[in-house]
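This report refers to the structure that appears directly beneath it.
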Amino acid sequence: MAITNWIIAQTDTLKVKIESPKKSMVCQAVLPSTILIAGVALNHSKLEKDVKQNVRNAVGTDFEFKIDDYIQYVPMVEMYGADMMGLKAKNHWFDQSKYLAISQLTTAIIVQSLKFGINKTRPNGANYSFPSGHTSQSFTGATVLYHEFNETHPLIAYSGFLFSTTTGAFRIINNKHWLSDVLMGAGIGILVTNLVYHFEPLKNFNPFKNDKRTTLLPYIDNNEVGFYFTKSF
């Protein structure tokens with residue numbers, strides 16, 4: 001009996017190690033780094049000017065469809081919607097929110113610093129084009145969604161990238177950004193979020209870990225985004 005218990009214990013230990021591998025940071029940095037390099041290489045290039053001109057010729061000079069102002073938030077809504085439906089995620093809802101907030105804040109600081117430091121002119125003549133803030137925030141949300149559900153619900157995990165890519169595409173279509181702006185925004189959002197999930201800052205901080213009666217719900221109202229706390233008694 002003792003030998004059997006020891007074998008079971010060792011098997012459980014091995015199982016935990018196999019089911020919870022942590023990708024190296026190098027692997028997680030390859031894709032976003034490639035996107036960032038492409039963004040830098042295309043900045044002010046003839047190719048992105050040609051892309052801009054071809055898009056405007058295709059849709060018309062006055063075309064604007066502001067769907068990108070809304071779908072940038074869809075990956076975050078998907079994550080909390082999946083939580084509300086009871087779908088299994090990698091982390092507790094508070095940890096999800098914590099990593100999302102850290103990723104979004106860090107991404108925003110980097111993007112805004114680059115915007116004001118470089119001050120590239122937008123295709124429509126406005127300022128602060130490089131990188132795209134809409135795209136960076138959307139890819140941040142999509143990458144958080146991916147990390148939370150890629151092992152349990154792959155379809156949900158990858159769906160966020162469809163909406164973030166669409167967000168970036170419409171930033172170009174609506175004449176708000178150049179191709180390099182969008183690529184740079186996407187790369188920053190993915191890389192920062194991968195770093196957050198790799199190092200897991202404030203990992204043990206979760207005052208709601210054992211509280212099953214409190215939940216967090218997102219809301220989007222015009223240009224405002226926030227969260228509702230709900231608690232049952």
Side-chain angles (χ1 to χ4, degrees), residues 15-16 19-23 28 32 65-108 133-171 185-186 188-233:
K15 183 179 179 181
V16 170
E19 289 183 346
S20 304
K22 201 164 190 177
K23 291 182 180 179
Q28 296 184 61
F65 184 42
K66 296 183 178 181
I67 189 174
D68 43 310
D69 287 337
Y70 304 99
I71 61 173
Q72 62 174 316
Y73 303 116
V74 171
M76 291 181 283
V77 174
E78 282 188 281
M79 181 176 72
Y80 290 113
D83 291 339
M84 291 171 61
M85 290 189 296
L87 300 182
K88 182 176 176 56
K90 179 179 180 180
N91 292 304
H92 183 273
W93 65 262
F94 181 83
D95 295 318
Q96 294 175 357
S97 304
K98 177 176 63 183
Y99 295 144
L100 175 63
I102 293 172
S103 300
Q104 292 282 21
L105 179 60
T106 305
T107 296
H134 280 65
T135 308
S136 65
Q137 295 296 305
S138 186
F139 269 93
T140 297
T143 308
V144 170
L145 179 68
Y146 168 78
H147 280 286
E148 291 297 334
F149 291 99
N150 75 91
E151 293 182 358
T152 55
H153 300 281
L155 184 60
I156 294 175
Y158 284 98
S159 67
F161 292 113
L162 172 63
F163 292 103
S164 56
T165 300
T166 303
T167 298
F170 269 92
R171 296 309 284 168
I188 293 172
I190 296 171
L191 181 59
V192 167
T193 308
N194 283 348
L195 283 168
V196 169
Y197 270 85
H198 182 78
F199 292 106
E200 298 179 310
L202 303 175
K203 181 178 182 178
N204 297 320
F205 173 63
N206 186 342
F208 301 101
K209 188 173 184 178
N210 298 317
D211 185 353
K212 305 298 183 182
R213 299 175 299 173
T214 304
T215 56
L216 182 71
L217 301 175
Y219 78 87
I220 300 175
D221 181 15
N222 295 327
N223 293 323
E224 295 181 348
V225 180
F227 298 95
Y228 287 119
F229 274 105
T230 62
K231 190 175 183 67
S232 58
F233 297 93

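All residue numbers in this chain count up from 1 along the given sequence.
The side-chain heavy atoms of D83 and H92, taken from C-beta on, include no pair separated by under 4.5 Å. T140 places none of its side-chain heavy atoms less than 4.5 Å from the side chain of V192. With a 4.5 Å cut-off on side-chain heavy atoms, Q72 and S164 do not count as touching. The side-chain heavy atoms of T143 and S103, taken from C-beta on, include no pair separated by under 4.5 Å. Considering only heavy atoms from C-beta on, M76 stays 4.5 Å or farther from L145 through its side chain. Contact of the F161 side chain with the F139 side chain is registered, since non-hydrogen atoms from C-beta on lie closer than 4.5 Å. You'll find the side chain of F170 stays beyond 4.5 Å of the side chain of D69, heavy atoms only.
Atoms CD1 and OG1, from I156 and T152 in turn, are 7.5 Å apart once rounded to the nearest 0.5 Å. The CD atom of Q104 sits 4.0 Å away from the CD atom of Q137 when rounded to the nearest 0.5 Å. Between E78 atom CD and L162 atom CG the span is 8.5 Å, to the nearest 0.5 Å. Here the CG-NZ distance, from N91 to K203, works out to 9.0 Å after rounding to the nearest 0.5 Å. Note that OG1 of T167 and CG of D68 are 6.5 Å apart. Values are rounded to the nearest 0.5 Å.
Across A82 and F149, no two heavy atoms sit closer than the pair CB-CZ, 3.5 Å. Looking at every heavy atom in both residues, I102 comes nearest to T106 through O-OG1, 2.7 Å.
Using modelled atom types and a 3.5 Å distance limit, the side chains of T107 and S136 yield no donor-acceptor pair. A donor-acceptor contact closer than 3.5 angstrom links the side chains of H147 and N194. Side-chain polar atoms of Y197 and E148 form a donor-acceptor pair below 3.5 angstrom.
In summary, K98 and D95 engage in a salt bridge, as defined by a charged side-chain N under 4.0 Å from a carboxylate O.
Judged by distance alone, with hydrogens and angles left aside, the side-chain atoms of T193 form no donor-acceptor pair with the main-chain N or O of V144 at under 3.5 Å. For the pair S138 (side chain) and H134 (backbone), a donor-acceptor distance under 3.5 Å is absent.
Residue F94 is tested with Y80, Y99, F205 for a ring-ring contact (aromatic ring centres under 6.0 Å, His included); the sole match is F205.
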